[in-house]
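Naming convention: chains lettered A, B, ... in sequence-line order (proteins, then strands); numbering from 1 in each chain.
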Amino acid sequence: MTSRAAFADGVRDVAGLVPGVAVFGLSYGALIRSRGIDPIAGAVSSLIVGAGAGQTAAVEVVVAGGTIAIAVLSALIVNARFALYSAALAPMFGRFSRPWRLGLAYLVSDQTVGLYGRGQERWTTPALQQYYMLGVTVPMRTGWVGGTAAGILLGPVVPGAWQIGVVVPLMFIALAIPSIRGLPELVAAVTGLVAVVALKDLPLGLNIVAAALLGMTAGLLVRQRAGGASVGAHASVAATVEARAHREDSADST
Amino acid sequence: MKIWLIFILAAIGTYAIRVSGLALFRDEDRMPPLVRRALRMIGPAAMGAIVGSSLLLDNGAVRPFGAWHVAAFAAVALAAWKRSLALTMLGGAAVFAVLLLAQGV
């Protein structure tokens, strides 16, 4: 029962998810190139932001001619879901030392947040759980940054006729569909999709922010209407994201 | 320069969000219910908006129906079926490539 074994266990649990994130990184890197974004800045963004959806939202706003403030705001709205993950991880991370807590918080992603339940089951002390979570998160961030770098390097050899930009809707479909767990989420997603087109004449790429907020509101209203029925369904995010990670895991390894 | 500033500010803001729950709420049950519900909805809503922007629009105009839309439909079907990130993207890209080849590009 060593820290090394806990780390290796985390790596094993996440291994099936790394190819997916590497392909996502490859697409993001190719997007950076095809949109004429500074390649070094694009690669660094994967390291320092570490959240592909938010990074892509910022790039889309820049391409649409948006200001710095709107690009940053778009990224942060897309990344707001991390507040939920953060709260879900608080009971476990609260027992870690401060550097570990702050370091691991930096590395957690959509795909890894769900694995903490497994880590808590198998590794009983906070000291070992830290290493398990490190083993889960480091391969994912490495796959993301490595995929981005590869996409940036390969980008220029991709002919324009290939229309590489098509990977953007594809990767967001891949991310969004598993997050749709009921009617409220479906309404939120469809409203966001329709509203961004309806509001296309808003200046500075503001339509993405406006559509995301409209979609969120629509989802909340549907949720409110469903009211009593969904109170019982208030499973903690822990359980739901964990279930999702397990599903993705088994899907990827088959 | 502008793009560097955007990524650096996005990195700082995203990190602040990443630690916010650890600092403010300690655990999910202490989060106000409306905040929790809103955070659950923002992910699907924002991703729907990005799909709409990148798929249905092209430089601010509505994109004419074609290979992009068919590939997206294939990706939706694959994602709903397998929920695998890699399979959805590779499958959608494969459909798109076949359609481009069929058009003789």
Heavy-atom contact with chain A under 4.5 Å, split by part of [X]:
X: B/Ile50; value: side chain
X: B/Ile42; value: both
X: B/Ile12; value: neither

- State which residues pass side chain to side chain contact (heavy atoms under 4.5 Å, CB included) with B/Ala93; sequence neighbours excluded, sorted by chain then number.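 Side chain to side chain contact (heavy atoms under 4.5 Å, CB included) list for B/Ala93, sorted by chain: A/Leu170.
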For the backbone of [Y] and the side chain of [X], can you confirm whether one donor and one acceptor N or O come within less than 3.5 Å of each other?
X: B/Tyr15; Y: A/Leu102; result: yes
X: B/Thr88; Y: A/Ala174; result: no
X: B/Arg18; Y: A/Ser86; result: no

Engaged part of [X] at the chain B interface, taking heavy atoms whose separation is under 4.5 Å:
X: A/Val190; result: neither
X: A/Ile37; result: side chain
X: A/Leu104; result: neither
X: A/Glu185; result: both
X: A/Leu73; result: neither
X: A/Val44; result: side chain
X: A/Ser27; result: side chain
X: A/Ala83; result: both
X: A/Val62; result: side chain

- Message: Please give me the minimum heavy-atom distance between A/Ile48 and B/Phe7, naming the atom from each residue.
- Response: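 Between these two residues, the closest heavy atoms are CD1-O, 3.9 Å.
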- For residues B/Leu57 and A/Val196, report the shortest heavy-atom separation together with the two atoms involved.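 Looking at all heavy atoms of both residues, the shortest contact is CD1-O, 3.8 Å.
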- Message: For a 4.5 angstrom cut-off between non-hydrogen side-chain atoms, does B/Met41 reach A/Val187?
- Response: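 When only atoms from C-beta onward are counted, A/Val187 and B/Met41 do not touch, as no gap falls below 4.5 Å.
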Heavy-atom pairs under 4.5 Å with chain B - which of [options] has more of them than the others?
options: A/Ala80, A/Ala75, A/Ala195, A/Ala211; result: A/Ala80
options: A/Ala188, A/Gly219, A/Ala212, A/Pro169; result: A/Pro169
options: A/Gly215, A/Ser45, A/Ala41; result: A/Ala41
options: A/Val78, A/Val23, A/Leu76; result: A/Leu76

So which of [options] has the largest heavy-atom pair count under 4.5 angstrom toward chain A?
options: B/Ala74, B/Ala75, B/Ser53; result: B/Ser53
options: B/Pro44, B/Gly52, B/Ala72; result: B/Pro44
options: B/Ala49, B/Ala46, B/Ala11; result: B/Ala49

- Item | Approximate separation, where rounding is to 0.5 Å, of B/Ser54 OG and A/Ile173 CD1 |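 Rounded to the nearest 0.5 Å, the OG-CD1 separation comes to 8.0 Å.
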